[in-house]
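Step one of this worksheet: look at the structure below.
The chains referred to below are lettered A, B, ... by the order of the sequence lines, with proteins before strands, and numbering in each begins at 1. Only this structure's heavy atoms are used, side chains among them; waters, hydrogens and symmetry mates stay out.
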2 protein chains.
Amino acid sequence: MADEVRTGVPRRGPTISDVASRAGVDRAVVSRILNDDPRLRIKPSTRERVLAVVAELGYQPNAAARSLRTARTRTIALLVPDFENPAYGQIIKGAETAATKADSALLTASMELGEESFEHYAKQLGNGRVDGLLLAGGGITGTREEHLDRLGPPWLCVNRTGPGKRRYVVLDDERATELAVSHLLELGHTRVAFLSGPADSDTAERRRLGYIAAMEAANLDPGFVAHGDYTADGGAAGMQQILAAKRRHTAVLVANVASAVGALYAARQAGVHVPDDMSVISIHDLSIAAFLDPPLTTVRMSLSGLGARAVDLLLTRPRNEEIREVLEQPIDLIIRESTAPPRR
Amino acid sequence: MADEVRTGVPRRGPTISDVASRAGVDRAVVSRILNDDPRLRIKPSTRERVLAVVAELGYQPNAAARSLRTARTRTIALLVPDFENPAYGQIIKGAETAATKADSALLTASMELGEESFEHYAKQLGNGRVDGLLLAGGGITGTREEHLDRLGPPWLCVNRTGPGKRRYVVLDDERATELAVSHLLELGHTRVAFLSGPADSDTAERRRLGYIAAMEAANLDPGFVAHGDYTADGGAAGMQQILAAKRRHTAVLVANVASAVGALYAARQAGVHVPDDMSVISIHDLSIAAFLDPPLTTVRMSLSGLGARAVDLLLTRPRNEEIREVLEQPIDLIIRESTAPPRR
DNA sequence: TTGTAAGCGTTATCAT
DNA sequence: ATGATAACGCTTACAA
């Protein structure tokens, strides 16, 4: 088991009893003052006295005792697949802000989904550690849903429509891809390829659907679809496929910025000039996009808004209620220098 | 205060009493079995019976009750300035792995250091919520140290030598910059500029020192020093300063990858070709570096190793012991295409 | 306007 | 080889 390490006595701070006796009142009074009990009628003078003692001692209610008593922890957990992807950074930020507003802490952990790692999360997140669970990114298969349910706390998928598809919030990926495609079409492109995410990712799938819908709406044949894995490496490989495809394309819609970084790299390596030979546009706008070569045209959706909304839903909706929400929010085209009319 | 939201009754799982009665033993027995109490002599048959019930009910010990009793939470917190910076992502990963090994959870939060936000952390991290606190990144000034101490849990600075400088782990930034400079010098450069981080960051300062030491050791005058802020924006601005400086430089050492992204961008904008007109090398190696234009030569240090070491130190060292550790680990030069001999 | 007391689920120290 | 019991610090219904 754990190497029991003694790192000195875990110091405990002053307790509510310390405050009470020092202020000459009962613990109950202190508790109710600190929790703004609306039913409490109390002499202003004693209230002040108590508050003074609280400040003097630097009293902090013990979180463990409190949540043992109330069965609420005021913390929620957010599991992300990859801390190195700045896109998750944005989701985290939004979630954190929302959690803070709701007076809760946000516990973030990365998940590499293996069956055994579920064991681990059970231990870390089970009974009495968190009030709820947010799962960003994929891999929530059927059996895992059961595991999750058995864990106890209510959970919600973020930007994934889990398989049971009962509780999730997603961005409007279809609308985003349609916006991207229409930008390309307005520039005059007709042969547009799509560089997707992992085949089992449903954000990737929704983006692919949006792409196809937009192409067909314009009476155009959808182009080549390459599958990346949402990393720069995968993006580079996907771009190579697209460049090697029989049909020559004049534009590529890339499913996320990390892939786009790789795609631009692969184009450079192949001597294909962006945007003169090939336009590139990406879903999501990260700060790095502006500094790429060339600066990347993107479709901006608020990932932080997504994180925030997820927290709100988790905290306010009853634990078994269905939640199937496609976030309505502004989706903006950020035109930089990676898109241009096709050269004829 | 918080909008009291009722999201249904917080469900509690089975308790240790449920297990005990069902298995026909006392709670104490269950507890000691589950905690591998070495002093426990017990009939294998009853142990198995208990374990079976545990599995059957899916019993999970209640974390709140446990830490109320033991005064240990088995979670530590890591505060980072910016989740969008992949460098912190690496630190987080390392920390998480180490925490998991020590059977603890890692709670990550971002900090924007204002005086009031300390209030917030006091509430979230105070008494009984975490066993310790890791502070990555800067801004821990004197008065804040006191705040932190009053918070209760032991804390440790990661990659920052806080001002009291009593407890920290840092990477060997001086050695890293020396390695970078010597690479440049071996290529034949003599006029090397330094694109630093924020003036008040001590990693930036240590890197600057390493740079100056390495230049002087080679009997060369240190070149222009520009201050960025560890973002691409700041890096671009810094590079502009360097390009505008009176003295012409043939190489720039950049203090981190985010700045380097901006620096490469600014060079492109100015029509300065990297590496023909100007070599660029950066401290830290992030996965994006390989895909920049040109692929960026870097000095690799293990950020995840840093995170892991920080966790270990926090967990094993007595709470008031001084910790001043410069991490000894391999530091490697990753040569890509942004450095070359100066053109004459 | 304030106090009393029960109980949240666990672990540790005794007994037996 | 197992059981009884107190204690951890807090909140809340009820009593005074």
Side-chain angles (χ1 to χ4, degrees), chain A residues 1-2 4 9-50 54 57 59-74 123 126-129 131 152, chain B residues 1-2 4 9-50 53-54 57 59-74 123 126-129 152:
Chain A
M1 270 258 62
E4 258 324 316
V9 185
R11 207 186 57 184
R12 297 227 211 207
T15 75
I16 200 172
S17 297
D18 296 333
V19 175
S21 65
R22 185 119 173 193
V25 297
D26 191 86
R27 282 144 56 210
V29 176
V30 179
S31 171
R32 286 146 78 191
I33 290 178
L34 258 27
N35 292 311
D36 295 315
D37 181 345
R39 290 195 293 260
L40 176 64
R41 310 283 97 180
I42 205 176
K43 257 197 300 203
S45 66
T46 48
R47 156 174 268 131
E48 276 170 35
R49 190 155 31 97
V50 168
V54 166
L57 298 184
Y59 169 70
Q60 290 282 122
N62 180 293
R66 187 175 257 184
S67 54
L68 175 57
R69 179 63 230 240
T70 61
R72 307 207 56 223
T73 60
R74 298 212 153 280
K123 244 162 78 180
N127 213 338
R129 262 192 123 95
D131 293 334
Chain B
M1 267 266 64
E4 256 325 314
V9 185
R11 207 186 56 183
R12 297 223 209 208
T15 75
I16 200 171
S17 298
D18 297 333
V19 176
S21 65
R22 185 120 174 192
V25 296
D26 192 85
R27 282 144 50 210
V29 176
V30 179
S31 171
R32 285 145 80 192
I33 289 179
L34 259 27
N35 293 308
D36 295 315
D37 182 344
R39 291 195 293 259
L40 175 64
R41 310 286 95 182
I42 204 176
K43 259 197 297 202
S45 65
T46 46
R47 153 173 271 131
E48 276 169 36
R49 188 156 32 96
V50 168
V53 175
V54 166
L57 298 183
Y59 168 71
Q60 289 283 123
N62 180 293
R66 188 175 256 186
S67 54
L68 175 57
R69 180 62 233 236
T70 60
R72 306 208 57 224
T73 59
R74 297 212 154 278
K123 242 161 80 180
N127 215 339
R129 264 194 123 94

What is the distance, rounded to the nearest whole Å, between atom [atom1] of [X] and atom [atom2] of [N]?
| X | N | atom1 | atom2 | answer |
| --- | --- | --- | --- | --- |
| A/I33 | D/dC10 | CD1 | C1' | 15 Å |
| B/R129 | D/dC10 | CZ | P | 14 Å |
| B/L40 | D/dG3 | CG | C1' | 12 Å |
| B/R41 | D/dA1 | CZ | C1' | 10 Å |
| A/R72 | D/dT12 | CZ | P | 11 Å |
| A/L34 | D/dC10 | CG | P | 10 Å |
| A/I42 | D/dA16 | CD1 | P | 20 Å |
| B/I16 | D/dG3 | CD1 | C1' | 13 Å |

Specify the closest pair of heavy atoms between [X] and [Y], including all atoms of both residues, with the distance to one decimal.
| X | Y | answer |
| --- | --- | --- |
| B/T73 | A/R129 | O-NH2, 2.9 Å |
| A/L34 | A/Y59 | CD2-CE2, 3.5 Å |
| A/N62 | A/A64 | OD1-N, 2.8 Å |
| B/L57 | B/R22 | CD2-NH1, 3.7 Å |

* At the 4.0 Å heavy-atom cut-off to chain A, mark where contacts on DNA chain C begin and end, going 5' to 3'. => C/dT1 to C/dG9
* Go through residues 19-32 of chain A and report each residue with a non-hydrogen atom lying under 4.0 Å from DNA chain D, sorted by number. => A/R27, A/A28, A/S31, A/R32
* Atom pair CG (A/L68) and CZ (B/R69), whose distance is rounded to the nearest 0.5 Å -> 12.5 Å
* Asked: Who are the side chain to side chain donor-acceptor pair (under 3.5 Å) partners of A/S67, not counting sequence neighbours?
  -> none
* To do: Name the nucleic acid region contacted by A/S67, choosing base, sugar-phosphate or nothing; use a 4.0 angstrom heavy-atom cut-off, strictly under.
  => nothing
* Reckon A/R66 touches a base, only the sugar-phosphate, or nothing at all at heavy-atom distances under 4.0 Å? -> sugar-phosphate
* Kindly say if A/S17 contacts the phosphate of D/dG9, meaning a side-chain N or O under 4.0 Å from OP1 or OP2. => no
* Taking side chain as C-beta onward, heavy atoms only, is B/L40 less than 4.5 Å from B/I33? -> yes
* Hey, is the main chain of B/D37 close enough, under 3.5 Å, to the side chain of B/N35 for a donor-acceptor pair? -> no
* A/A20 backbone acceptor or donor facing A/R27 side chain under 3.5 Å -> no
* **Residue mapping more 5' on DNA chain D - nearest nucleotide basis, B/R39 or B/A65** => B/R39
